[in-house]
Amino acid sequence: MPSVAEILIPLALDSAYSYAVPAGLTLAVGDVVQIPLGPRETVGVVWGVRQSPGGSNLRPVTGRLDVPPLAGPLRELVDWLARYTLAPKGSALAMALRLPDEAAQGETVRIGVRASGRPPARPTAARLKVLGVAADGALRGKSALAKEAGVSLSVVDGLIDDGALEATALAPEPVALPPDPDHARVPLSEAQADAVRDLIAMMNPAPPPDDRPEPCLLNGAGQGEAPGLSAEGAHLAETHPIQERQAVAAAETHHKLTTGVGDETFRAPTILLEGVTGSGKTEVYFEAVADCVRRGRQALILMPEIALTAQFLDRFAERFGVRPATWHSGIGGKRRERIRAGVALGEIAVVVGARSALFLPFAHLGIVVVDEEHEAAYKQEDGVHYHARDMAVVRGRIENCPVVLASATPSIETRVNAERGRYRHIVLPERFGGRRLPDITALDMRSDKPERGSFIAPALVAAVRETVAAGDQALLFLNRRGYAPLTLCRACGHRYQCRNCSTWLVEHRFRKALVCHQCGYAERRPEACTECGTFDNLTPCGPGVERIAEEVTALFPDKRVIVLSSDFPGGAERLRAELQTVAEGGCDIVIGTQLVAKGHNFPHLTLVGVLDADIGLTSGDPRAAERTFQLLQQVTGRAGRGEKPGRALLQTFQPDHPVIAALLSGDAERFYEEEIAAREAAGLPPFGRLAALIVSAADRAVAEAHGQALARAAEPPEGVMVLGPAEAPLALVRGRYRFRLLVKTERSVDLQSYLRDWIARGPKVRGNVKVAIDVDPQSFL
DNA sequence: AGCACGCCGACT
DNA sequence: GTCGGCGTGCTC
């Protein structure tokens, strides 16, 4: 009987297509195949194979590709992702099957150089330095040589042209050398050692019989409403009975072999590793990773993209002897495929990566660590909308491997899950080495007013003066890029607004422009009001970091000041260099946006001044309080990581606001208690759920009209609230106008089917309108 | 995602 | 008259 393969294609298609399997080709579920699709050839993955009596008129599979097949657990993750996010299955598959683009192939060839023995024509000082380093005759990378000699790349290039250095193509950098779990033991504090012991005990089977955590599937879901794996399993059994069971059985056998345990009843837990800034969480989970590597299994460490720094990789290398394999959206071409293959064959033991690393085809995954678990960057906001932290928990459940969520300021969902016992909880209550957390005090802006036209309160100016006089570093934190967030005409009152989005245009004085921070629209800052024509009467309202820099430079003309924000002139490369400069103490006063709160350590910093602690508290986002607390806790925690204790001053109009009060008292527990109670009362996540219908169109009017029509078409069941387009801000995202109709539900509502119904019963989509669903939106705009 | 088909505007 | 813009629909 001829066999038919059900092939899932990584396109926005919700179901698999049937193809004939040509005689002589045997296909298994998970195989990656080439298939004809319309006029062209594409790749797809075998999602099922069946025998079909009717000799068919189906097109045949072209052939199997020589890449590792998609293993059962990963296929299960794809099915799960599609079901949970309501995305087409093919789109979910695309996450796991991003093969290198033919065009982007070709890894950048690295050039290795060594001394040729010929003397340079003109031996300058810089050239001699390079030749001194190269004298040993060893082959080095160009940039490595330049760095070692302390000169720029052009000197090395000059010497190559000159013939004093000879250049050869270097073998491509190995993707990763095997990490050594016993390379270096870093000294651990008593608290850290305890945490390591607990963590490793929880991760491995043979727990005391009554000490078993309740399995929980999804971080953000309310109790009992996460679609269970059992349900998903049943669904699979219906659609692909034999193949799936075989795959699962194979996976289980494999699991027994690699762990040598095979305790069927052991459910690997999700563990919240909570530790204040500077408590050494990283060292703790490194030990868990080491334990996992010793057992011959693989480890995945997820990080927010921004935190994937050389600094972190070096720390890893100190502990494990080599840098880990890294994975992020920028890795392309051949290297991408080599990492995928290495991971699938089990040759790569540890991957550190951004959210997309979650879909790598690990052969035997032993642990997933989600560092900075609370970071919003884990949310994918286009294409398939998913939260990498939640999917990590799901993948851990599927692979039956432990998941460690690490954070100094866990998200509310994760805290609640830990408190309810669905996650295990390990707390590192103290900073490493007995260092104190910074003292935080409020500057009440109602009484301690800055002078007219200035934004820094006198007490903060004094604190900065004291700090820099002592030779220490001060950070002034303001989460606002640009010069001023709003510009208005004093003659007619006109406020400059983005023509695309519902936002004010931000003045960027350095660029002499008014810029929309939503869509990037920019116009030259006009001399005269575009509305009434009055000259020289535009007023900047409120401060951005550029304006603070102006003030600081006037106050401290002889101090070195650096402004750090994501739009740093010169791009990410220069920004990295500047962060390095700051870390090395090459600057007295740093003025920065939220970027300084993340990832980098500044050992010379002893004072943090928060210029507007209230920003964000009134944004209307249901997660505003949580966000502000996390951000301010992180940024104030930057103070005093070195020898000296740190302190922080918060400029605020609301010292009694629960968020501010919790920061001031250093009582994070209080914040969590209050916020959790408030969320529960309001039916907000994790007790209820948020979802958004994203209505987008290339034409603004069409997007608005359709958004309104959909909002009218909503017939919310009891307990569901729909926020209409009046409240939904409009934004231009990648060339399309986009609305988010927000839906708030109580815990018992099946959100997925409600949203599906809503779209189905809504107005027939005409024009180029797309409606996407964001199951748990992390923000409004 | 590609690619064709088809419908409207502006140009050698 | 066509060239070409993009909106629409289909691919087992």
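Using cut-offs of 30° and 60° for the angle between ring planes, the His517(A) and His508(A) rings count as perpendicular.
One can place CG of Asn57(A) at 11 Å from P of dC12(C), the figure rounded to the nearest angstrom. Atom pair Ile35(A):CD1 and dA1(B):C1' shows a separation of 13 Å (rounding to whole Å applied). Regarding Arg59(A), its CZ atom lies at a distance of 17 Å from the P atom of dC10(C), rounded to whole Å. A straight line from CD1 of Ile7(A) to P of dA1(B) spans 20 Å, rounded to a whole angstrom. Atom-to-atom, CG of Leu11(A) to C1' of dC12(C) comes out at 12 Å; the value is rounded to the nearest Å. When the C1' atom of dA1(B) is taken as reference, atom CG of Asp14(A) falls 16 Å away, rounded to whole Å. Distance, Glu41(A) CD to dC12(C) P: 10 Å, rounded to whole Å. In this structure, Tyr17(A) places its OH atom 10 Å from P of dC10(C), rounding to the nearest Å.
Looking at Val369(A) and Leu302(A), their side chains never come closer than 4.5 Å, going by heavy atoms from C-beta outward.
Of the residues Arg389(A), His387(A), His374(A), the one that meets the side-chain hydrogen bond (donor to acceptor under 3.5 Å, both in side chains) test with Glu413(A) is Arg389(A).
The listed nucleotides are dA1(B), dC12(C), dC3(B); the one nearest the side chain of Arg40(A) is dA1(B). Closest to the side chain of Leu13(A), from the set dC3(B), dT11(C), dC12(C), is dT11(C).
Looking at heavy-atom distances under 4.0 Å, Pro10(A) makes no contact with the nucleic acid at all.
For Tyr496(A) and His494(A), the gap between ring centers is short of 6.0 Å.
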